[in-house]
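Reviewing the structure listed below.
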Amino acid sequence: MYEIREAKREDLPKLLELYLSLHESSLPDPNGAIRDTWDAILKDQNHHVIVCQEDDDIVSSCVCVMIPNLTRGGRPYALIENVVTKEGYRKRGLAGQCLARAREIAENAGCYKIMLLTGSRDDATHRFYQQSGYNNTDKTAYIQWL
C-alpha cells in the first residue's frame with residue numbers, strides 16, 4: 001500500500017536516497033547546508049515536495065513550486081522539477097499520481113499553467129509526460145547552467 005502526500009521534515013534522508021535515482025551520484029550529508037535548505041523549503045508555502053511512500057520508503061516524488069506573477073491578472077504559475085521514481089517501482093503510475101497531486105496544488109493556488117522541463121531523451125519518458133497532460137509544442141525551453 002502506498003500514500004501520496006507532501007514531504008515531512010523526517011523524510012529528508014529517504015528523499016536524498018531517492019534522488020540517487022535521478023541524477024545524484026552520492027548522498028550528501030543531511031546536516032548543515034542541506035538541512036538548512038530543507039528547512040527553508042518546508043517553510044515556503046509556495047514550495048511543495050510531493051512524495052509517494054510505500055511501507056517505510058519514499059519511492060517516487062516531484063517538486064511543485066508556485067511562482068508569483070504580475071501578468072495574467074496576477075495569477076501565479078507552477079514549475080515541476082525532480083520527477084523521479086526508484087528503480088523497481090517504475091511503470092506503476094506512482095510518478096503520475098505525484099504529478100496529479102502537484103496539479104491539484106497548482107489549481108488550488110490559482111495557477112494558470114504548470115511548466116515541466118526534462119533532460120531525458122527517452123521517448124517513453126516523453127510519452128509519460130504527454131499522457132500526464134503536458135505538451136512540448138506551446139513553448140520552447142532554454143537553459144543557462146550556472
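Values below: all heavy atoms of this structure, side chains included; hydrogens, waters and symmetry mates excluded.
Between the side chains of N135 and T137, at least one donor N or O lies within less than 3.5 Å of an accepting N or O.
Annotation: the span from S26 atom OG to E24 atom CD amounts to 7.5 Å, rounded to 0.5 Å. Rounded to the nearest 0.5 angstrom, E3 CD and D55 CG are separated by 12.0 Å. In this structure, CD1 in I41 is found 11.0 Å from CG in D36, a value given to the nearest 0.5 Å. Taking CG of L116 as the reference point, atom SG of C64 lies at 10.0 Å (rounded to 0.5 Å). If you take CG on L20 and CD on E87, they are separated by 12.5 Å, rounding to the nearest 0.5 Å. In this structure, Y134 OH and L117 CG are separated by 11.0 Å, a value rounded to the nearest 0.5 Å.
Closest heavy-atom contact between H126 and S120: NE2-O, 2.7 Å. Scanning all heavy atoms of the two residues, the minimum distance from C111 to M66 falls at SG-CG, 3.3 Å.
The side-chain heavy atoms of Q144 and L146, taken from C-beta on, include a pair separated by under 4.5 Å. No side-chain heavy atom of K86 sits less than 4.5 Å from a side-chain heavy atom of L94.
Residue-environment remark: CD (Q45) stays at or below the threshold of 12 foreign heavy atoms within 6.0 Å. Under a cut-off of 6.0 angstrom, the local environment of OH in Y2 is sparse, with at most 12 non-hydrogen atoms contributed by other residues, nucleotides or ligands. Residue L70 places its CG atom among 12 or fewer non-hydrogen atoms of other residues, nucleotides or ligands, all under 6.0 Å distant.
Of the listed residues (L15, I4, I50), just one forms a side chain to side chain contact (heavy atoms under 4.5 Å, CB included) with S61, and that residue is L15.
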- Message: Before you tell me yes or no, could you show the steps for N69 and T71 under side chain to side chain donor-acceptor pair (under 3.5 Å), namely the whole-Å CA-CA distance, both residues' side-chain angles and the distance that decides it to 0.1 Å?
- Response: CA-CA 6 Å; N69 184 31; T71 65; 3.0 Å; yes

- Message: Test side chain to side chain contact (heavy atoms under 4.5 Å, CB included) on R101 and L99; report intermediate values, then the result.
- Response: CA-CA 5 Å; R101 178 64 56 87; L99 288 174; over 6 Å; no

- Would V84 and H23 count as a side chain to side chain contact (heavy atoms under 4.5 Å, CB included) if you check the C-alpha gap in whole Å, the side-chain angles of each, and the deciding distance to 0.1 Å? CA-CA 10 Å; V84 60; H23 50 65; over 6 Å; no

- Task: Begin from the C-alpha positions of L16 and I34 and carry the test side chain to side chain contact (heavy atoms under 4.5 Å, CB included) through to its verdict.
- Result: CA-CA 10 Å; L16 293 175; I34 290 291; 4.0 Å; yes

- Query: I114 and I80: side chain to side chain contact (heavy atoms under 4.5 Å, CB included), yes or no, with the steps?
  - Reply: CA-CA 7 Å; I114 304 172; I80 302 288; 3.3 Å; yes

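In this structure, Y142 stands alone, with no Ile, Leu, Val, Met, Phe, Trp or Tyr side-chain heavy atom under 4.5 Å from its own, directly or through other members.
Under the 4.5 Å side-chain heavy-atom criterion for ILVMFWY residues, a single connected hydrophobic cluster contains both Y19 and L79. A chain of hydrophobic side-chain contacts below 4.5 Å, direct or via other Ile, Leu, Val, Met, Phe, Trp or Tyr residues, connects V63 to I58. Hydrophobic clustering of Ile, Leu, Val, Met, Phe, Trp and Tyr side chains at less than 4.5 Å, counting indirect connections, unites V65 with W38. Both M115 and V49 belong to a common hydrophobic cluster when Ile, Leu, Val, Met, Phe, Trp and Tyr are linked at side-chain heavy-atom distances under 4.5 angstrom.
Ion pairing of E17 with K14 is absent here, as no side-chain N (NZ or NE/NH1/NH2) approaches a carboxylate O to less than 4.0 Å. Ion pairing between a basic and an acidic side chain is recognised when a charged N comes within 4.0 Å of a carboxylate O; R5 and D11 show such pairing. Of the charged side-chain nitrogens involved, none lies within less than 4.0 Å of a carboxylate oxygen, so that K113 and D138 do not count as a salt-bridged pair. Using a 4.0 Å cut-off between charged nitrogen and carboxylate oxygen, E54 and R92 count as a salt-bridge pair. A salt bridge links D39 to R9: at least one charged side-chain nitrogen sits closer than 4.0 Å to a carboxylate oxygen.
Between the side chain of N108 and the backbone N or O of E104, at least one donor-acceptor pair lies under 3.5 Å. Formation of a donor-acceptor pair under 3.5 Å by the E107 side chain with backbone atoms of A109 is not found in this model. Remark: side-chain polar atoms of H48 are not paired, donor with acceptor, to backbone N or O of C62 under 3.5 angstrom. The backbone N or O of V59 lies less than 3.5 Å from no partner atom in the side chain of D57, so there is not a single donor-acceptor pair. Of the possible donor and acceptor atoms, none in the side chain of S21 sits under 3.5 Å from a partner among the backbone N and O of T85.
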